[in-house]
J.: 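Please find one structure pasted underneath; my questions will follow.
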Amino acid sequence: MKQWATKDMGKMLGGDEEKDPDAAKKEEERQEALRQEEEERKAKYAKMEAEREVMRQGIRDKYGIKKKEEKEAEAQAALEANAEGSLTRPKKAIPPGCGEEEEEEEESILDTVIKYLPGPLQDMFKK
């Protein structure tokens, strides 16, 4: 009567288990099924991404938008064209609104502020 208990205890403790003769074959089939599912999933998402890219390109063409890579390539080509024949590093471009124009702008701002001050304070700042 206790024989069945000891037999089950041996299995639970990692003793002799009944081996399935087809276990290796079943495991191989399972691995193959997983690989096949993964490939199908990747193909599905690649197809979806290709469709999205076609749609994106249509929008870019419609509105005249360029891809980031194209913009960067054009900017790099422009830098190389400017640097051609030059022995020094390329000059940094000065954005519009920088340099001398700022001083004139600051003066106009100062004049605007002075206009709103009371009379005696305007006289102090004009001197």
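For this chain, numbers begin at 1 and follow the sequence in order.
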J.: Just to verify, what does Arg60 make a salt bridge (Lys or Arg N to Asp or Glu O under 4.0 Å) with, not counting sequence neighbours?
T.: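 With sequence neighbours excluded, Arg60 shows a salt bridge (Lys or Arg N to Asp or Glu O under 4.0 Å) to Glu53, given in chain and number order.
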J.: Apply salt bridge (Lys or Arg N to Asp or Glu O under 4.0 Å) to residues Glu32 and Arg35 and explain how you reach the verdict.
T.: CA-CA 5 Å; Glu32 182 59 33; Arg35 276 192 292 273; 3.1 Å; yes
J.: Atom CZ of Arg56 and atom CG of Asp61: how far apart are they, to the nearest 0.5 Å?
T.: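 The distance works out to 14.0 Å.
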J.: Distance-only criterion, 3.5 Å: show the donor-acceptor pairs between side-chain atoms of residues 36-48 and protein atoms not counting sequence neighbours.
T.:
| unit_1 | atom_1 | unit_2 | atom_2 | d |
| --- | --- | --- | --- | --- |
| Glu38 | OE2 | Arg41 | NH2 | 2.6 |

J.: May I ask you to decide whether Glu29 forms a salt bridge with Lys26, counting only side-chain N to carboxylate O separations under 4.0 Å?
T.: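 Looking at Glu29 and Lys26, the cut-off is not met.
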J.: Evaluate Lys71 against Glu74 for salt bridge (Lys or Arg N to Asp or Glu O under 4.0 Å), listing each step before the verdict.
T.: CA-CA 5 Å; Lys71 288 180 185 176; Glu74 287 179 3; over 6 Å; no
J.: Without hydrogens or angle criteria, can the side chains of Gln76 and Glu72 be said to hold a donor-acceptor pair below 3.5 Å?
T.: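 No, because no side-chain N or O of Gln76 sits under 3.5 Å from a partner of the opposite role on Glu72.
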